[in-house]
Amino acid sequence: MIFKRVGTTRPYPEHGITHADWGKIPPQQVRLDSMITTQKMLDLETLLAEDSTFYGDLFPHVVKWRNELYLEDGVHRALRNALHRRAVMYARVLDLDALDPALLGMAAAQGSATHTKPTVRVS
């Protein structure tokens, strides 16, 4: 088994974290079999492309919510690690469990058009 479970949605609240904010979270090792995917389908061209990270973050984005790890972005990188028989990979982990629930509610209510974002606590 590669992942803990294959999901199709993002069950956690909207966090409002931008790509620049993700870049401030230092990568840490995460076991592939501890993550739940948030997408069921994968573009095979993306998986096999040599320059698949050229326009994005080198590290996948993982959201910790209610003690579960959700692979929000980077499923193709995770699968590439699995194909190389690696059980862990480096990812940026946003720990929503450590944030004030009121901040998450504000981000969800105001949407991504607002400048109010939850404070990122590096875990």
Side-chain angles (χ1 to χ4, degrees):
M1 173 168 70
I2 297 172
F3 298 112
K4 181 175 184 176
R5 193 165 65 242
V6 175
T8 57
T9 62
R10 297 177 178 179
Y12 45 86
E14 176 62 39
H15 49 66
I17 302 297
T18 66
H19 284 288
D21 294 331
W22 276 107
K24 296 174 186 171
I25 300 172
Q28 60 183 319
Q29 284 192 342
V30 180
R31 291 190 54 82
L32 296 177
D33 62 3
S34 70
M35 293 185 292
I36 300 167
T37 66
T38 58
Q39 67 184 56
K40 188 175 183 178
M41 304 298 276
L42 176 73
D43 180 12
L44 192 56
E45 256 183 43
T46 303
L47 175 66
L48 300 175
E50 288 185 29
D51 64 346
S52 65
T53 59
F54 185 75
Y55 294 105
D57 194 344
L58 285 174
F59 301 101
H61 299 167
V62 175
V63 175
K64 183 179 178 190
W65 170 247
R66 296 185 176 161
N67 285 326
E68 297 283 3
L69 296 174
Y70 294 94
L71 182 57
E72 179 174 280
D73 180 52
V75 70
H76 62 285
R77 291 182 205 97
L79 282 174
R80 194 175 287 155
N81 274 285
L83 290 172
H84 288 285
R85 300 185 188 274
R86 296 183 196 127
V88 296
M89 69 175 185
Y90 279 92
R92 301 183 193 279
V93 179
L94 174 64
D95 188 351
L96 294 184
D97 293 341
L99 295 179
D100 181 349
L103 291 175
L104 290 175
M106 285 181 4
Q110 295 173 352
S112 60
T114 182
H115 296 291
T116 304
K117 295 179 220 144
T119 303
V120 176
R121 188 188 123 205
V122 177
S123 52

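Note that this is a predicted model, so its numbers are computed, not measured. Residue numbers start at 1 and run along the sequence shown.
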Taking [X] for its side chain and [Y] for its backbone only, find out whether a donor-acceptor pair lies under 3.5 Å.
{"X": "Asp33", "Y": "Ile2", "answer": "no"}
{"X": "Arg86", "Y": "Asn81", "answer": "no"}
{"X": "Thr38", "Y": "Thr9", "answer": "no"}

Rounded to the nearest 0.5 Å, what's the gap from [atom1] on [X] to [atom2] on [Y]? Could you check?
{"X": "Tyr12", "Y": "Arg66", "atom1": "OH", "atom2": "CZ", "value": "13.5 Å"}
{"X": "Ile36", "Y": "Lys4", "atom1": "CD1", "atom2": "NZ", "value": "5.5 Å"}
{"X": "Asp95", "Y": "Leu69", "atom1": "CG", "atom2": "CG", "value": "9.0 Å"}
{"X": "Met35", "Y": "Met89", "atom1": "CE", "atom2": "CE", "value": "3.5 Å"}
{"X": "Leu96", "Y": "Lys64", "atom1": "CG", "atom2": "NZ", "value": "10.5 Å"}
{"X": "Arg92", "Y": "Gln28", "atom1": "CZ", "atom2": "CD", "value": "11.0 Å"}

Sorted by chain and number, sequence neighbours left out, side-chain hydrogen bond (donor to acceptor under 3.5 Å, both in side chains) with Asp73 holds for none

Nearest heavy-atom pair of [X] and [Y]: which atoms, and what distance?
{"X": "Pro60", "Y": "Leu71", "answer": "CB-CD1, 3.9 Å"}
{"X": "Trp65", "Y": "Pro11", "answer": "NE1-O, 3.9 Å"}
{"X": "Val30", "Y": "Ala91", "answer": "CG2-CB, 4.2 Å"}
{"X": "Arg31", "Y": "Ser34", "answer": "O-OG, 2.7 Å"}
{"X": "His61", "Y": "Phe59", "answer": "CD2-O, 3.4 Å"}

Are Val93 and Ile25 close enough that some pair of their side-chain heavy atoms sits under 4.5 Å apart?
no

Is there side-chain contact between Glu72 and Trp22, with at least one heavy-atom pair below 4.5 Å?
yes

Examine Leu58 and Tyr90 and state if one hydrophobic cluster contains both, with Ile, Leu, Val, Met, Phe, Trp and Tyr joined whenever side-chain heavy atoms are less than 4.5 Å apart.
yes

